[in-house]
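Working notes, beginning with the structure itself.
FYI, the numbering just counts along the sequence from 1.
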Amino acid sequence: MNLTHPRFYVTAILLSMLVIVPLLSGSQFVVHIFVLLCLFAALSSAWNIVGGFAGQLSLGHAVFYGIGAYTSMLLLIRYGISPWIGMFFGAAISIAVAVIISYPCFRLRGPFFALATIAVLEVIRLLAINQSGITGGAAGIAPPFKIGVAWMMVRENWIYLLIAFGFLLLTLWVSWAIKNSRLGFYLVAVREREDAALAVGVNATKVKLQAVIISAFLTSIVGSFHGMYLTFIDPASAFSLELSIQIAMFSLIGGLGTVFGPLVGTVLVLPIAELARGWLSDYGNGFHGLVYGVVLVVVVLTMPSGIVGRFGPSFARWVDRLPGGRRDDDQAAQGEVELPKAPVSPTAGQPILVANDLNLYFGGLHATNNVSIELKEGEILGVIGPNGAGKTTVFNQLSGFLRPASGTIKVRTADGSWVEPTNPVQFAHAGIGRTFQIAQPFAEMTVLENIMIGAFMTTSDASQAKARAREVAQLTDLTPMLQTHAKNLTVGGMKRLEMARALATNPRVLLLDEVLAGLNPADVSKAIATIRRIRDAGVSVLMIEHIMQAVMQLSDRVVVINTGSVLTAGLPKEVVNDSRVIEAYLGKEYSHA
């Protein structure tokens, strides 16, 4: 974070209001409201790491809050251990529970993950009620009366406020650090398009587990403090589904996946709801929940991306116009860059990707039948065949997205050794980059951020990833569009973006799946020139393509696949004049024409 930038000063001033306003008010009730505001914003920020960044809708997140609160309080009651120490024991237990719960549940999709987290929350709540000898059962427990900061018990509410504010700053800082790190980019990539993330070497399960661990840790320590602040906990409130939904709702209203969205959502809703609790309590218990519902409906209907998602970019641009604000440093990168041609490799012409006797079955269909393909270093290998011939099925096996029933796929690495990867992440790390037949950009990210996702495979430093992304953007004619959101690109732009994202991983082999399909003649010419530059930069290319003119211009060799088998292979002119190829494409009556 640049400490001299106006964004830092504006953020610091706005955050300081959370302490200054209640202290100047002189009202203990106002201080109490701001303590709750800081704590709930911290809980919502912690939840946002999983629910916003990673896109995993956890509605049982209060389980970590309850574990932290109960652990620290029980250690204080039974062993006299300070809650400041006890909270870390609670956090350790929360992390263990998070891993045990999340690892199998990540295989679930849509609402099933959310339902699984609710089920776990309910199970632990019932356990807490029934283990009355430990937890006090449904009656709950209260800590011994020990005054002092060391015991998280003080008479002055302003001390509670400062501590709660400290927890809020911690969760905001962690969220900011994740957002601007490789982990943050990976989480957004997995949230948007998991297959595309796997293709650039992102271990989806690993990064989601990291997010859950961090979120559980933060939720647990905040829960420890909140329990001591309330001086009482019971299973119904500590393991509350209402609490889980509440902190998720604050993030949704403020803006999922943003750093300050949870805080903004809490600031907007919580004070109104607390006031409504007093005003509407005569009409029935829980009637104040109407406030949450009304605000949520209004925001979802008018601002689907939340308050920060809707107004945040405009506010950031206003701040950037202040003296000392940032300038668009990507403008400097839009000049022409001379791209050196890669020197001739001493291993050029030797096999770099070898597939032997690949067989794959879909039920009773023999999708690939003893397919063998060899790509040599420094060449462009074209793979052609009629629709339904099995080209994409072979392609998906060569990139790890389908595992053959039999046969082997070997890749020669930079040090000359051969490896046999078995999944997309291993293929990517072995030096195999790929595109998709239907482009899969990370739509909500800019072109620059999309390419950085690929660059992060070889570096954890954001500045290095950005530099690599700009270099690859120049190679693929994307430099003028670096700050354009991927969803706003043309079809040709999306195809080139996919190539750029794959190239940013620094692959030795690039697999192109119909990158020319659907392009106009100008985009086809541009793509052909790009593919040539990629090969000249030292990357071997295997491409599936239907546009025969492009195949003839680009390919050093051509492999023809028909009905799941290799029909023939050879030089382009030889292959296209082969009667078997003509018959496969046009029918038997044309093979002797």
Which pair of heavy atoms, one from Thr408 and one from Leu358, lies closest together, and at what distance?
O-CD2, 3.6 Å
Centroid separation Phe401 to Phe436 less than 6.0 Å:
yes
Where the side chain of Ser565 meets the backbone of Leu567, is there a donor-acceptor pair that is under 3.5 Å apart?
no
Strictly distance-based, threshold 3.5 Å: is any side-chain N or O of Asp556 a donor or acceptor partner for the main-chain N or O of Ile380?
yes
What heavy-atom pair brings Ala462 and Met452 nearest, and what distance separates the two atoms?
O-CE, 3.7 Å
Verify, without hydrogens or angle tests, whether Lys466 (side chain) and Leu448 (backbone) share a donor-acceptor contact under 3.5 angstrom.
no
Side-chain donor/acceptor of Thr458 to backbone N/O of Ala455, under 3.5 Å
yes
Just jot down the side chain to side chain donor-acceptor pair (under 3.5 Å) partners of Glu379, sequence neighbours excluded, or say none.
Arg557
Interatomic distance, Leu375 atom CG to Arg508 atom CZ [nearest 0.5 angstrom]:
10.5 Å
Quick check against the 3.5 Å criterion: does Ser215 have a side-chain atom that pairs as donor or acceptor with the backbone of Val50?
no
For Ile352, does its backbone N or O pair with a side-chain atom of Trp418 as donor and acceptor, under 3.5 Å?
no
Answer yes or no: does atom CZ of Arg532 have more than 12 heavy-atom neighbours from other residues, nucleotides or ligands under 6.0 Å?
yes
So which heavy atom on Ser251 is nearest to which on Ser44, and how close?
OG-OG, 2.8 Å
How long is the span from the CD atom in Gln553 to the CE atom in Met548, to the nearest 0.5 Å?
12.0 Å
All heavy atoms of Met552 vs all of Val576, minimum pair found to be SD-CG1, 3.7 Å
Would you confirm whether Thr117, through its side chain, and Ala114, through its main-chain N or O, come within 3.5 Å as a donor-acceptor pair?
yes
Cationic N near anionic O, under 4.0 Å, Glu444 to Arg191:
no
Walk me through it: do Met499 and Ile534 pass the test side chain to side chain contact (heavy atoms under 4.5 Å, CB included)?
CA-CA 9 Å; Met499 284 193 282; Ile534 291 170; 4.1 Å; yes
Only one of Leu516, Asn387, Ile384 forms a side chain to side chain contact (heavy atoms under 4.5 Å, CB included) with His546, so which one is it?
Asn387
Give the intermediate values and the outcome of salt bridge (Lys or Arg N to Asp or Glu O under 4.0 Å) for residues Asp477 and Arg533.
CA-CA 11 Å; Asp477 293 327; Arg533 288 200 300 272; 3.2 Å; yes
Check: Gln56 and Lys208 side chains under 4.5 Å, non-hydrogen atoms:
yes
Any side-chain heavy atom of Thr435 sitting closer than 4.5 Å to one from Leu511?
no
Relative to the ring of Tyr186, is the ring of Phe456 parallel (under 30°), tilted (30 to 60°) or perpendicular (over 60°)?
perpendicular
Counting only heavy atoms not in Leu14, do more than 12 sit closer than 6.0 Å to its CG atom?
yes
Any non-hydrogen side-chain atom of Met445 less than 4.5 Å from a side-chain atom of Val188?
yes
What verdict does the salt bridge (Lys or Arg N to Asp or Glu O under 4.0 Å) test give for Glu449 and Arg501, after you've listed the backbone C-alpha separation in whole Å, the side-chain angles of each residue and the deciding distance to 0.1 Å?
CA-CA 9 Å; Glu449 291 167 339; Arg501 190 175 63 206; over 6 Å; no
Look at the side chain of Ser540 and the backbone N and O of Gly378, then say whether any donor-acceptor pair between them is shorter than 3.5 Å.
yes
With no hydrogens and no angle check, do the side chains of Ser406 and Asn359 hold a donor and an acceptor under 3.5 Å apart?
yes
What closest approach, in Å, do Ile561 and Ala389 show between heavy atoms, and which atom pair accounts for it?
O-CB, 3.2 Å
To the nearest 0.5 Å, how far apart are OG in Ser399 and CD1 in Ile432?
9.0 Å
Assess the side chains of Thr393 and Thr368: does a donor N or O sit below 3.5 Å from an acceptor N or O?
no
Whether the Glu377 and Gln350 side chains hold a donor-acceptor pair (N or O, under 3.5 Å, no angle test) is what I'd like checked.
no
Is there side-chain contact between Ile528 and Val524, with at least one heavy-atom pair below 4.5 Å?
yes
Donor-acceptor check, side chain of Lys179 to backbone of Gly257, threshold 3.5 angstrom: yes or no?
yes
Worked verdict on Met303 versus Phe311 for side chain to side chain contact (heavy atoms under 4.5 Å, CB included):
CA-CA 9 Å; Met303 294 174 283; Phe311 298 107; 3.4 Å; yes
What I'd like to find out is whether the side chain of Val259 reaches to under 4.5 Å of the side chain of Asn48, using heavy atoms alone.
no
Could you check Leu183 against Phe53 for side chain to side chain contact (heavy atoms under 4.5 Å, CB included), going step by step and ending with a plain yes or no?
CA-CA 10 Å; Leu183 176 59; Phe53 294 162; over 6 Å; no
Go through it in stages, so that I can follow the logic: the residues are Ile49 and Val174, the test is side chain to side chain contact (heavy atoms under 4.5 Å, CB included), and I'd like the CA-CA distance, side-chain angles, deciding distance and then a yes or no.
CA-CA 9 Å; Ile49 295 171; Val174 171; 4.2 Å; yes
Flag the pair Leu322 / Val10 as yes when at least one side-chain heavy-atom distance between them is below 4.5 Å, and no otherwise.
yes
Measuring from atom OG of Ser102 to atom CZ of Phe113, what distance do you get when rounded to the nearest 0.5 angstrom?
5.0 Å
Determine whether a donor-acceptor pair (N or O, by modelled atom type, separation under 3.5 Å) exists between the side chain of Asn488 and the backbone of Thr484.
no
Will you find, in the side chains of Asp415 and Thr413, an N or O donor that is under 3.5 Å from an N or O acceptor?
yes
Rounded at 0.5 Å granularity, tell me how far CG in Asn423 sits from NE2 in His429.
9.5 Å
Under 3.5 Å, is there a donor on one side chain and an acceptor on the other for Arg434 and Asn396?
yes
Roughly how far apart are Asp320 CG and Phe315 CZ, rounded to 0.5 Å?
10.0 Å
Non-hydrogen side-chain atoms of Arg496 and Asp523 separated by less than 4.5 Å
yes
Is Glu471 paired with Arg468 through a side-chain N to carboxylate O contact shorter than 4.0 Å?
yes
Work out which heavy atom in Leu519 is nearest to a heavy atom in Ala527; give both atom names and the distance.
CD1-CB, 4.2 Å
Just wondering, do Thr530 and Val515 contact through their side chains at under 4.5 Å, heavy atoms?
no
